[in-house]
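Report on the structure given below.
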Amino acid sequence: MDDIAEIERRARDGDPRSAYRLGLAYNRRKEFDQAELWLAQAAHLGEREAGLNLGRLLLRRKRAADAEGWFRWAADAGDPWGMIELARVCRKAGRTDETEQRLRAAYDAGEPTAAHLLGRLSAEQGRDGDAEHWHRAAAGMWHTESLLDLGRIAERGKRLDEAEAFYRWAAGTGVPGAERELGLFLHGVRNRPEEGAERLIAAAEAGDRRAAKALGSLCEKDGRHEEAERWYRGAAEAEAEGAALELGRFLFARSRFEEAEPWLRKAADAGSAKALYILGVLLHEGLDRPEEAEQAYRGAAEARFPGAMRRYAMCHDKRGDREGAIRLMHAALEQGDEQAALYLATLHSDAGRKEESERWYRDAVGRGVPRARRFYGRSLLARGRPDEAEQQLRAAVADGDREAGQYLERAVAELERKRAQERQAAEERAQASPQAPEQRPRGWKGWMRRG
């Protein structure tokens with residue numbers, strides 16, 4: 001092998017291949033500025049692979065526009081991988097037509113990966129027929145990853161025997177993730193849980209972190225919590241996607257708050273709004289750290305996680321900022337959190353705005369918000385309207401709200417008491433009214449009777 005100094009000497013003398021090799025060497029050493037310099041020189045000297053690798057380097061350095069230029073240069077020079085990389089950039093930019101055009105050109109140039117990507121693109125657009133065509137073409141060119149996609153397409157089409165055959169074929173050829181998908185398919189779709197679990201365990205033990213996470217979920221559903229924790233923890237420690245969240249959620253559900261917190265923070269730092277929301281609940285209700293909880297709710301609310309804005313609004317109310325809470329609750333409602341309507345009714349009620357409160361109670365009932373009828377019935381009862389309260393509370397009980405029953409009893413009792421009072425008042429009025437004087441016949445008949 002040539003010495004690096006000799007390669008650099010040849011590169012400086014204008015040898016394009018040496019400049020390309022020198023660029024790759026600097027890239028491996030993570031000296032990216034030098035790598036970019038020598039790859040660019042090699043590309044300018046006509047080394048097509050150098051332009052392609054330069055584009056990839058620039059893409060990693062978040063310079064997509066510059067990368068696209070080099071991919072286009074390689075594609076226009078007839079490089080099928082230049083066409084594929086350009087298609088990927090176009091797809092990310094939302095230029096679907098050019099994406100498909102470039103992938104078709106790469107396929108015509110004999111690259112099976114292009115057929116595979118055309119299959120993925122078609123599936124994303126809901127065109128399973130086209131997707132199957134392209135994946136079969138890719139599989140016919142020994143692109144084995146397409147076998148897994150063919151299994152998914154067959155499963156969506158309820159062709160279960162065919163789906164299983166493709167999953168087994170993909171697993172047999174060592175396609176990453178195929179053993180896991182086969183296990184989940186056997187367990188959940190084919191109703192062969194023991195065989196499915198065996199496949200998942202084999203995948204997890206072979207290093208498939210997502211299989212370990214899936215095993216944790218299955219064990220948790222079966223009530224085997226110790227096994228679930230072992231699999232969740234193994235997946236989380238191996239940094240499987242989403243595993244930190246699942247382990248944190250699992251520990252939080254079992255009131256192991258101090259253990260759950262670091263895992264939820266890790267998942268939140270990785271961008272999980274759900275983890276941030278659960279962390280807020282943990283800090284607020286489990287560890288009594290309301291200020292930190294409020295910040296977590298705020299972050300989850302900004303990511304538009306369901307319920308987070310409502311929780312953030314409630315934090316404002318608890319520290320006395322009721323008007324701020326009302327504004328945030330309106331924002332929660334705008335985000336689609338229909339339960340916010342019920343909280344708006346309660347907030348206005350606490351502020352003494354009875355008409356506004358009643359309007360929001362009616363709105364919450366109209367939206368079908370759970371417990372809304374019970375709370376509305378309680379409010380009507382407190383305002384001395386037991387007849388209307390009874391209607392709402394009876395409907396709440398019919399909907400399965402058990403807690404509404406006690407308020408219904410009070411409403412019925414209050415209504416009976418009110419009706420009894422009304423009857424008593426009517427009787428008292430009748431007794432207090434003066435008797436009409438006896439009517440005597442007038443004229444000579446009356447005179448005769450008086451003698």
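Computed from heavy atoms alone, side chains included, the values below leave out hydrogens, waters and symmetry copies.
- A distance of 5.5 Å separates OG in Ser18 from CZ in Arg10, rounded to the nearest 0.5 Å.
- Ion pair Asp222/Arg224 flagged as a salt bridge, since at least one NZ, NE, NH1 or NH2 atom sits closer than 4.0 Å to an Asp/Glu carboxylate oxygen.
- The side-chain contact (heavy atoms from CB on, under 4.5 Å) check on Glu302 picks up Arg298, with sequence neighbours excluded.
- Taking the six-membered ring wherever Trp is involved, the centroid distance between the rings of Phe257 and Phe252 falls below 6.0 Å.
- Counting heavy atoms from C-beta on, the side chains of Asp13 and Arg9 come closer than 4.5 Å.
- Ion pair Arg371/Glu403 not flagged as a salt bridge, since none of the NZ, NE, NH1 or NH2 atoms sits closer than 4.0 Å to an Asp/Glu carboxylate oxygen.
- A donor-acceptor pair under 3.5 Å links the side-chain atoms of Thr173 to the main chain of Trp169, judged by distance alone.
- A side chain to side chain contact (heavy atoms under 4.5 Å, CB included) with Trp263 is found for one member of Leu279, Leu245, Leu251 and no other, namely Leu251.
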Pair Tyr20-Asn53, side chain to side chain donor-acceptor pair (under 3.5 Å): steps then yes or no:
CA-CA 9 Å; Tyr20 173 50; Asn53 280 280; 3.0 Å; yes
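- The closest side-chain heavy-atom distance from Val281 to Tyr297 is below 4.5 Å.
- Remark: Glu220 engages Arg249 in a salt bridge, criterion side-chain N to carboxylate O under 4.0 Å.
- Taking the side chain as every heavy atom from C-beta outward, Glu181 and Phe166 never approach each other to under 4.5 Å.
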The test is salt bridge (charged side-chain N to carboxylate O under 4.0 Å, His left out); show your working for Arg127 and Glu132 and say whether it passes.
CA-CA 9 Å; Arg127 298 183 287 122; Glu132 184 167 355; over 6 Å; no
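- A salt bridge links Arg72 with Glu98: the distance from a Lys NZ or Arg NE/NH1/NH2 to an Asp or Glu carboxylate oxygen falls below 4.0 Å.
- For the pair Asp401 and Arg373, the salt-bridge criterion is not met [side-chain N within less than 4.0 Å of a carboxylate O].
- Minimum interatomic distance between Leu22 and Ala11 (heavy atoms only, all atoms of both residues): CD2-CB, 4.1 Å.
- Taking OH from Tyr107 and CD1 from Ile84, the interatomic distance works out to 12.5 Å, rounded to the nearest 0.5 Å.
- Cation-pi contact between Arg378 and Phe375: present, with separation from the ring centre below 6.0 Å and deviation from the ring axis of at most 45°.
- Glu47 places no side-chain N or O within 3.5 Å of a backbone atom of Glu49 that could act as its donor or acceptor partner.
- Considering Leu59, Leu58, Leu57 as possible partners of Trp70, the one that fulfils the side chain to side chain contact (heavy atoms under 4.5 Å, CB included) test is Leu58.
- Summarising the geometry, atom OH belonging to Tyr343 is positioned 15.5 Å from atom NE2 belonging to His348; distances are rounded to the nearest 0.5 Å.
- Taking the charged nitrogens against the carboxylate oxygens, Arg256 and Glu229 do have a contact shorter than 4.0 Å, which makes a salt bridge.
- Arg209 places a side-chain N or O within 3.5 Å of a backbone atom of Ala238 that can act as its donor or acceptor partner.
- Side-chain contact annotation: His225 with Arg254, donor-acceptor N/O pair under 3.5 Å present.
- For the atom pair Glu237 CD and Leu247 CG, the distance stands at 8.0 Å (nearest 0.5 Å).
- Using a cutoff of 4.0 Å between basic side-chain nitrogens and carboxylate oxygens, Glu68 and Arg88 are not scored as salt-bridged.
- Between Tyr361 and Leu342, some side-chain heavy-atom pair lies under the 4.5 Å cut-off.
- Counting heavy atoms from C-beta on, the side chains of Ile326 and Arg353 come closer than 4.5 Å.
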Run the salt bridge (charged side-chain N to carboxylate O under 4.0 Å, His left out) test on Glu100 and Arg104 for me, step by step, so that the C-alpha distance in whole Å, both residues' side-chain angles and the decisive distance to 0.1 Å come before the verdict.
CA-CA 6 Å; Glu100 187 165 349; Arg104 283 179 179 272; 3.3 Å; yes
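- Using a cut-off of 4.0 Å between Lys/Arg side-chain N and Asp/Glu carboxylate O, Glu164 and Arg168 are scored as salt-bridged.
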Run the salt bridge (charged side-chain N to carboxylate O under 4.0 Å, His left out) test on Arg102 and Asp76 for me, step by step, so that the C-alpha distance in whole Å, both residues' side-chain angles and the decisive distance to 0.1 Å come before the verdict.
CA-CA 10 Å; Arg102 294 292 179 171; Asp76 291 345; 3.6 Å; yes
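- Salt bridge Arg374/Asp399: absent, no basic N to carboxylate O contact under 4.0 Å.
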Report the C-alpha separation of Trp73 and His44 in whole Å, then their side-chain angles, then the decisive distance to 0.1 Å, and conclude whether the ring-ring contact (aromatic ring centres under 6.0 Å, His included) test is met.
CA-CA 11 Å; Trp73 175 82; His44 284 300; 8.1 Å; no
Apply side chain to side chain donor-acceptor pair (under 3.5 Å) to residues Arg56 and Asn27 and explain how you reach the verdict.
CA-CA 11 Å; Arg56 289 168 176 157; Asn27 191 40; over 6 Å; no
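- Here Asp363 does not pair with Arg359 in a salt bridge; the nearest charged N to carboxylate O distance is not below 4.0 Å.
- Using a cut-off of 4.0 Å between Lys/Arg side-chain N and Asp/Glu carboxylate O, Lys221 and Glu227 are scored as not salt-bridged.
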Audit row: Ser146, His135, side chain to side chain donor-acceptor pair (under 3.5 Å) steps and yes/no
CA-CA 5 Å; Ser146 276; His135 282 306; 2.9 Å; yes
Step-by-step side chain to side chain donor-acceptor pair (under 3.5 Å) determination, Glu388 to Tyr376:
CA-CA 10 Å; Glu388 296 174 69; Tyr376 187 25; 5.0 Å; no
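- Looking at Arg91 and Thr96, their side chains never come closer than 4.5 Å, going by heavy atoms from C-beta outward.
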Salt bridge (charged side-chain N to carboxylate O under 4.0 Å, His left out) between Asp33 and Arg61: does it pass, once the steps are laid out?
CA-CA 10 Å; Asp33 289 338; Arg61 303 188 84 182; 2.9 Å; yes
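- When His187, Glu195, Arg199 are each tested for a side chain to side chain contact (heavy atoms under 4.5 Å, CB included) with Leu182, only one passes: Arg199.
- Listed for the Thr99 side chain is a donor-acceptor partner under 3.5 Å among the backbone atoms of Arg95.
- Heavy-atom contacts from other residues, nucleotides or ligands closer than 6.0 Å to CD of Glu241 number 12 or fewer.
- In terms of modelled atom types and a separation under 3.5 Å, the side chain of Arg402 and the main chain of Val397 share no donor-acceptor contact.
- By the 4.5 Å heavy-atom criterion applied to side chains, Pro306 and Asp337 are not counted as neighbours.
- At a threshold of 4.5 Å between non-hydrogen side-chain atoms, the residues Trp134 and His116 do not count as touching.
- With respect to Asp149 and Arg152, a salt bridge is recorded, a charged nitrogen being found less than 4.0 Å from a carboxylate O.
- With respect to Arg265 and Asp269, no salt bridge is recorded, no charged nitrogen being found less than 4.0 Å from a carboxylate O.
- Salt bridge present: Arg63 and Glu36 bring a charged side-chain N and a carboxylate O closer than 4.0 Å.
- Looking only at atom types and distance, the side chain of His133 has no donor-acceptor partner in the side chain of Arg136 under 3.5 Å away.
- Salt-bridge annotation for Glu334 and Arg304: absent, with no side-chain N of the basic residue lying under 4.0 Å from a carboxylate O of the acidic one.
- Using modelled atom types and a 3.5 Å distance limit, the side chains of Glu179 and Tyr167 yield no donor-acceptor pair.
- Arg311 and Glu294 are not joined by a salt bridge, as no carboxylate oxygen comes within less than 4.0 angstrom of a charged side-chain nitrogen.
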